[in-house]
Amino acid sequence: MLAVEKRYFITTFGCQLNVHESEKLAGMLEELGYIEGNDISSADVIVFNTCAIREGAQDRAIGNIGSLKKIKRKHPEKIVAVCGCMTQQLSESEWLKKTFPFVDIIFGTSNLYEFKDFLQRRLAGEKRILEHSEDFNLEGENVALKRTSGNNAWINIMQGCNNFCTYCIVPYVRGRERSRSSDEILEEIKEALKGPKYTSVTLLGQNVNSYGQDRDEISFAELLRKICALKGNFKVGFMTSHPKDLTSEVIDVIANEDKMKKEIHLPVQSGSNKILAKMNRKYTRESYLKIVKEIREKIPDCRITTDIIVGFPGESEEDFEETVSLLKEVKFDDIFAFMYSKRKGTVAEKMEGQVPEEIKNKRVNKCLALQKEIKRSKLEDR
Ligand code: 5AD
Ligand code: SF4
């Protein structure tokens, strides 16, 4: 009998970190002999890598998983796995297991590296698997990887976040900051650059500026300098920076090193000091503007982009107008504007002054329309 090729299909929700982790899921599947399929219906193993940052992202994942019911009824032999930030929350995993009896394997971000084992156990006949762990480590950095992002190589430099911005679920689903060793990072980059197609390296972390502070390691600026010193024709970018930790030294490296991409994503979230304090962002409108000024002075052609949250609890019309005025003042190259979304277990969930959806909607639309105008006039000024 001819061996039939087994296929997998992964659907990824959320940020670049999830995209990169799906490269690891693919790597593990290929180690087991699976090949990438073109769609869900032809796949033997179907994986959903979920996001939990806002309710909308979570609902989209749930909708997609729910739509598998029919396929799985016809083909009970297919294996369905759900992982990622949503299922790092035990309450969500248990809800998923109860609601979708056709899901075979559920695990979180902390035990992604054990996926191969979970799959093999299920294939060997074990009942439905739900694995949860709060032991956040760096094991995920050691698994096989199948790079899928064109000419860009994603490189994790650290995991987790210590900041506890009051709206954010990330510290709960990704654990505390854990930096990888700089030697390991440099090795991984050198290895990736051996493939002739990689002309871009993007360093990933929730707050790359605090790289190395949790262990005896070099600083982020030093790491960037070492990466730029590697041989080859490639550009280096990173995401994401926290404005409270972006140092002049890092700005200087971006200014002085040819290999550094002239771009910084610097999420401001709000233009109101009152709201920034309630968000626990640990910087002010004024200190943020000072950093932008320094970037613009040292790197005049630097692209600066940001994230905005509108409708955070207690955001008055005046507070919102301060965000609008900040957008007008900075004239970002691009913005990502989000309506505040309540996340279970965060401090802001319990705050008074929750803003009605229709007001959030109006505010987000105002930001987006304003940004469109700003982009247009920047183009005209060129
Ligand atoms: N509601 C809305 N937006 C959020 N973000 C993070 N948490 C929330 C939330 N609860 C946004 C922030 C962050 C980006 C990745 O997602 O702007 O910078
Ligand atoms: Fe979330 Fe704040 Fe950490 Fe970014 S810095 S991941 S917004 S807690």
Side-chain angles (χ1 to χ4, degrees), residues 13-21 50-60 84-86 88-89 92 109 136 156-179 204-211 213-214 220 238-246 264-272 275-283 288 304-315 320 323 326-327 332 334-351 353-357 359-361 363-365 367-368 371:
F13 300 88
C15 64
Q16 282 75 13
L17 190 58
N18 264 18
V19 171
H20 184 44
E21 285 183 345
T50 63
C51 170
I53 196 97
R54 283 171 291 276
E55 206 178 335
Q58 208 158 290
D59 289 349
R60 266 196 302 284
C85 289
M86 179 179 158
Q88 180 58 41
Q89 307 161 88
E92 298 297 335
T109 57
F136 292 97
N156 251 349
I157 63 165
M158 61 194 298
Q159 300 227 13
C161 181
N162 290 353
N163 288 317
F164 288 96
C165 300
T166 54
Y167 51 81
C168 190
I169 193 85
V170 168
Y172 305 93
V173 294
R174 294 265 170 198
R176 296 297 77 71
E177 287 173 7
R178 308 171 300 281
S179 300
L204 294 176
Q206 301 297 342
N207 179 18
V208 289
N209 304 108
S210 51
Y211 171 79
Q213 287 172 18
D214 56 305
F220 182 54
F238 59 85
M239 60 181 68
T240 290
S241 284
H242 194 303
K244 77 174 167 59
D245 299 316
L246 180 64
I264 302 183
H265 183 62
L266 199 59
V268 66
Q269 313 298 2
S270 170
S272 149
I275 297 298
L276 287 173
K278 288 186 76 175
M279 287 176 163
N280 192 31
R281 290 292 286 176
K282 301 196 179 85
Y283 56 85
Y288 184 89
I304 307 180
T305 54
T306 203
D307 293 340
I308 297 283
I309 297 178
V310 300
F312 184 81
E315 185 187 71
F320 172 64
T323 299
L326 183 124
L327 292 181
F332 291 100
D334 229 328
I335 67 165
F336 299 88
F338 306 108
M339 297 194 284
Y340 166 69
S341 170
K342 222 190 230 190
R343 304 320 289 133
K344 229 186 280 166
T346 60
V347 173
E349 181 200 3
K350 302 258 157 42
M351 282 183 184
Q354 299 284 334
V355 176
E357 289 303 300
I359 295 185
K360 287 186 207 168
N361 208 357
R363 289 181 185 170
V364 84
N365 285 333
C367 288
L368 293 172
Q371 183 58 25

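Throughout, numbering of the chain's residues begins at 1 and tracks the sequence. Order of listing sets the numbers, starting from 1, for every ligand and every atom in it.
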[X] to [Y] - nearest heavy-atom pair and separation:
X: L368; Y: A337; value: CD2-CB, 4.0 Å
X: S210; Y: E177; value: OG-OE1, 3.1 Å
X: Y283; Y: V268; value: OH-O, 2.7 Å
X: I53; Y: R343; value: O-CD, 3.3 Å
X: I169; Y: A52; value: CG2-O, 3.5 Å
X: L246; Y: S241; value: CD1-OG, 4.2 Å

**Study point:** Option set Y172, F164, Y167, criterion heavy-atom distance to atom 7 (S) of ligand 2, minimum
**Key:** Y167
Practice item. With heavy atoms only and a cut-off of under 4.0 Å, state how P267 meets ligand 2: side chain, backbone, both or neither. Key: neither
Exercise for review: Would you tell me whether Q269 and Y167 have side-chain atoms, one donor and one acceptor, within less than 3.5 Å of each other?
Suggested key: yes
As an exercise, identify every atom of ligand 2 less than 4.0 angstrom from a heavy atom of [X].
X: H242; answer: 5 (S)
X: Q206; answer: 6 (S)
X: P171; answer: 8 (S)

Point to revise | Under 3.5 Å: N/O of Q269 near N/O of ligand 1 | key: yes
Review point. Do any N/O atoms on R54 end up under 3.5 angstrom from N/O atoms on ligand 1?
Key: yes
How close does the nearest protein non-hydrogen atom get to [atom], and which residue and atom is it?
atom: atom 3 (Fe) of ligand 2; answer: C161 SG, 2.2 Å
atom: atom 7 (N) of ligand 1; answer: Y167 CD1, 3.3 Å
atom: atom 10 (N) of ligand 1; answer: S341 O, 2.8 Å
atom: atom 1 (Fe) of ligand 2; answer: C168 SG, 2.3 Å
atom: atom 5 (S) of ligand 2; answer: N163 ND2, 3.4 Å
atom: atom 15 (C) of ligand 1; answer: D307 OD2, 3.8 Å

Exercise for review: Classify the contact between I53 and ligand 1 as side chain, backbone, both or neither, using a heavy-atom distance cut-off of under 4.0 Å.
Suggested key: both
Review point. Where does F338 meet ligand 1, judged by heavy-atom distances below 4.0 Å: at the side chain, the backbone, both, or neither?
Key: side chain
Review point. Within a reach of under 6.0 Å around CD of E55, are more than 12 heavy atoms found that belong to other residues, nucleotides or ligands?
Key: no
Review point. Around atom NZ of K344, are there more than 12 heavy atoms of other residues, nucleotides or ligands at under 6.0 Å?
Key: no
Exercise for review: Can you sort out which atoms of ligand 1 are near Y340, meaning under 4.0 Å from one of its heavy atoms?
Suggested key: 1 (N), 2 (C)
Check your understanding: For ligand 1, which atoms sit closer than 4.0 Å to a heavy atom of M339?
Key -> 1 (N), 2 (C)
Practice item. For V173 and Q89, run side chain to side chain contact (heavy atoms under 4.5 Å, CB included): C-alpha distance rounded to whole Å, both residues' side-chain angles, the deciding distance at 0.1 Å, then the answer. Key: CA-CA 7 Å; V173 294; Q89 307 161 88; 3.6 Å; yes
Check your understanding: Is there an N/O/S atom in C165 at a distance below 2.8 Å from atom 2 (Fe) of ligand 2?
Key -> yes
Exercise for review: Check if K342 has a non-hydrogen atom at a distance under 4.0 Å from any atom of ligand 1.
Suggested key: no
Exercise for review: Could you please spell out the steps behind the ring-ring contact (aromatic ring centres under 6.0 Å, His included) verdict for F320 and F312?
Suggested key: CA-CA 10 Å; F320 172 64; F312 184 81; over 10 Å; no
Review point. Hey, does R281 sit under 4.0 Å from ligand 2 if you only count heavy atoms?
Key: yes
Review point. Parallel, tilted or perpendicular for Y288 and F332, by the 30°/60° rule?
Key: tilted
